[in-house]
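Residue numbers begin at 1 in each chain, while the letters A, B, ... track the order of the sequences.
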There are 2 protein chains.
Amino acid sequence: MGISERKKKILAAVVDEYIRTAEPVGSKAIAASAGLGCSSATIRNELAELVSLGYLEQPHTSAGRVPTPMGYRMYVNELMQKQKLSLEETEDINRRMNQKLRELDDTISEVSRLASQLTDYPALALTTRTAVTIRRFDIIYVDANTFIIVALLSDNTVKNKLVHLPVSVDQKLVQRLSSLFNAGFTNITADAVTPLLINSTERAADDTMGVTSVIAAFTIEVLSEAEAPSAYVSGENRLLNQPEFRDPDKAHRLMGYLSGGGYVLPPDGELDEADGIRVLIGPENVAEELKDSSVVIATYDAGDNTRGMIGVIGPTRMDYSTVAAKLSILAAGLSKRLGGGVAPPAGMHNKLIIKGDSGNE
Amino acid sequence: MGISERKKKILAAVVDEYIRTAEPVGSKAIAASAGLGCSSATIRNELAELVSLGYLEQPHTSAGRVPTPMGYRMYVNELMQKQKLSLEETEDINRRMNQKLRELDDTISEVSRLASQLTDYPALALTTRTAVTIRRFDIIYVDANTFIIVALLSDNTVKNKLVHLPVSVDQKLVQRLSSLFNAGFTNITADAVTPLLINSTERAADDTMGVTSVIAAFTIEVLSEAEAPSAYVSGENRLLNQPEFRDPDKAHRLMGYLSGGGYVLPPDGELDEADGIRVLIGPENVAEELKDSSVVIATYDAGDNTRGMIGVIGPTRMDYSTVAAKLSILAAGLSKRLGGGVAPPAGMHNKLIIKGDSGNE
DNA sequence: TATTAGCACTCGAAGAGCGGGAGTGCCAAC
DNA sequence: GTTGGCACTCCCGCTCTTCGAGTGCTAATA
């Protein structure tokens, strides 16, 4: 367990240096950099012990040392000095986030893009929502063949659909259906929309042209879509910045995995840090494709059954502290914006003004 | 101009072979493959002439020949045998496209993804819309602090926005505003929404709480967003499949360009083919980053001021005929679905049922 | 005159061989 | 426990060589 203070310092120095240079680090380099007053020979002894303890490894005899996943783990858990971003940096991130959020409606995908830009690694963002329901239906009669369905969901997103029918529809029918749907289809989840319910509604509305089923289909679509987790990946190409991905095959495999979608998420275990950051190092990842990469994940709370993650993927030799610090700010920003009471949705297609939201707290 | 029939055959054989293998092709290989009954020596003579004519080049003395951009151009214009996809393939593409379009609302980005899947090259899709207007406003009063704006645009997309105010709003005011906006803000473009217009509307509605400006802001946002061209890139990582992008730097540069967005579009010149396919070979591209890649573009017509492109990017040695054939089907499918009268939008967030649309013509 | 076979030549790719040097492990001295 | 010293190891990068595919040319052939 307890390894000597000096070993820790040396380990930290190795990891820091390796993160910086991506090359095995030798005893002399450490003697020079870390401020512990001892000579390379001493450090060599310590390094040898760190190797036998499993924190470091040598690519081959007479090369420098490289951290093992266990070494990174130790580094992340205990040694890493928490990066305290400067005020300017923090402000810059917040400003850029605000700007993104103002300009665009697709919050989550934009924030994932921002994360990728800030860290220079590929980033991904996920949301999971549960138990979304429709709070209210409105049906706008446009002309005899056309109407618009508008649904306000429980998470304060609005969905709509323009329906164009080959037959004429009576405005009265539309009104009847509107009432019926507001009575029968609100506050229920997708699986509660049964054929039975649809049929009885159709009869009650005296609908002979199948308008009911169109609206019901929309309802199901909206509900199941809203509950489906959504994922965005951005900046896959930044992978190629990293020397460990100079091998095109390796890069290709990982990029394929990333753009493929089906992420194997880690079990929702305990967090590494109080601030909600998780670090998954190399083999700690569940997905085979990530076994020699690392993932840093920040979770945010978008209120109301919605929880999301925003994460960054890189080589095991990644700059954990900076990345963690930046993600932390992003996640906090998202929580603040999305979690506070009226929650605009992740990846939804509409906007929400919360007047007076700007700035305070 | 006119080069002998045999030269053409040989040139075609070189291009075909090079497309297949990505390696300089030698005289012997051609003698074996192409069915012209002459020996490698003869072919060598012809090859030498093709080189001096500028259709081929040699990476170095005593290597096989590789097509020049001019060679590809000749190939695309005259020699390439139009790939006639089998019925199954065509049906497969159509089926997959239908499936995508049924499942998802974001037509264009999905089709771009599909194009990338089908061709195994990165794909991009763009739309340009002009002169979109709002045809009709509806404002749904939800509660004293909340209402939903719904706008039906001239291209039959529907946009909405949930507005949440810190102050109570009178339902009457909302109704007045609804009428005023329908009278004053429909059928105009973004730049016609002047402060003057907004102010006079505000006065006419007797609005003291700034609701008018919220709706006006939404109007401007919707209109300018609808007119802005949108672009989607998918499958950047497929670039790495191509041997010419085994050099990570090269791959990185192009991928950076692709995910960067700002595409330098080719002048809207004449098309190579009657079926609306354009091929831009290597240096024919305007963008510096594309100078040694090729782009195949199909245009589709989404009716009503909307025109789009769907394209594929690959090495100059790309499989022009297959790609062109596949894009052609996709573009035709898009035109059919989007162009026919009531046009569901590109990249918009709502859906359109056109009953009875299935299949015919 | 066009085609073909033959042959010497060219040039890159792949492999072998060879320092150089960074880094180690160990030992003896402090 | 620390340090300097030193022999040793092994990768990296270099050159050198070989190998072979493919050429260009020439002379013979239809």
Side-chain angles (χ1 to χ4, degrees), chain A residues 2-11 13-18 20-68 71 243-244 246-247, chain B residues 2-11 13-18 20-68 71 243-244 246-247:
Chain A
I3 61 175
S4 83
E5 247 351 272
R6 192 170 64 187
K7 279 200 183 58
K8 286 187 181 176
K9 270 194 181 162
I10 293 176
L11 178 53
V14 172
V15 176
D16 280 331
E17 189 68 7
Y18 187 61
R20 212 171 52 79
T21 63
E23 274 174 13
V25 355
S27 54
K28 215 177 295 182
I30 297 177
S33 79
L36 19 98
C38 57
S39 174
S40 69
T42 315
I43 295 191
R44 275 204 291 285
N45 291 330
E46 297 281 50
L47 286 177
E49 287 184 56
L50 283 169
V51 168
S52 69
L53 288 170
Y55 292 110
L56 296 177
E57 65 186 354
Q58 286 178 288
H60 53 264
T61 353
S62 95
R65 305 308 207 285
V66 165
T68 60
E244 22 273 286
R246 290 203 69 82
D247 171 12
Chain B
I3 61 175
S4 82
E5 244 355 90
R6 193 171 65 185
K7 278 201 185 54
K8 285 187 182 175
K9 268 193 183 165
I10 292 177
L11 177 54
V14 172
V15 177
D16 280 331
E17 189 67 6
Y18 187 61
R20 213 171 51 79
T21 63
E23 273 173 15
V25 353
S27 55
K28 215 178 293 180
I30 297 176
S33 79
L36 20 96
C38 59
S39 175
S40 68
T42 316
I43 295 192
R44 274 205 291 284
N45 291 331
E46 296 282 49
L47 286 178
E49 287 184 56
L50 282 169
V51 168
S52 70
L53 288 171
Y55 293 110
L56 296 177
E57 66 187 352
Q58 287 177 287
H60 52 264
T61 353
S62 95
R65 305 309 209 282
V66 164
T68 59
E244 22 273 287
R246 291 202 68 82
D247 172 11

*Quick one: A:L50 CG to C:dG25 P, roughly how many Å, whole number?*
12 Å
*When rounded to the nearest 0.5 angstrom, what distance separates NZ in B:K28 from OG in B:S33?*
14.0 Å
*Rounded to the Å, how far apart are A:I30 CD1 and C:dG23 C1'?*
12 Å
*Taking atom CD of A:E46 and atom CD1 of A:I3, what is their separation to the nearest 0.5 Å?*
9.0 Å
*Length of the line joining B:L47:CG and D:dG24:P, which is rounded to integer Å*: 8 Å
With 3.5 Å as the limit, what N/O pairs link the protein to nucleotides 1-4 of chain C?
| unit_1 | atom_1 | unit_2 | atom_2 | d |
| --- | --- | --- | --- | --- |
| C:dT3 | OP1 | B:R6 | NH1 | 2.8 |
| C:dT3 | OP2 | B:R6 | NH2 | 3.0 |
| C:dT4 | OP2 | B:S39 | N | 2.9 |
| C:dT4 | OP2 | B:T42 | OG1 | 2.2 |

*CG on A:L50 to NZ on A:K7, rounded to 0.5 Å*: 6.0 Å
*Should the heavy atoms of other residues, nucleotides or ligands under 6.0 Å from NZ of A:K8 be counted, would the total exceed 12?*
yes
*Distance (rounded to the nearest 0.5 Å) between A:S40 OG and A:L47 CG*: 10.0 Å
*Quick one: CD1 on B:I10 to CD1 on B:I30, what's the gap to the nearest 0.5 Å?*
6.5 Å
_Please report the interatomic distance CD(B:E49) to OH(B:Y55), rounded to the nearest 0.5 Å._
12.0 Å
_Protein-nucleotide distance (A:K28, atom NZ; D:dC6, atom P), rounded to Å_ = 14 Å
*Side-chain donor/acceptor of A:R44 to base of D:dG4, under 3.5 Å*: no
*Please name the pair of heavy atoms, one in B:P24 and one in B:Y18, separated by the smallest distance, quoted to 0.1 Å.*
N-CE1, 3.9 Å
*Does any residue of residues 57-67 of chain B have a heavy atom under 4.0 Å from DNA chain C, and if so, which ones, in number order?*
B:H60, B:T61, B:S62
*Can you tell me how far P of C:dT24 sits from CD1 of A:I10, to the nearest Å?*
12 Å
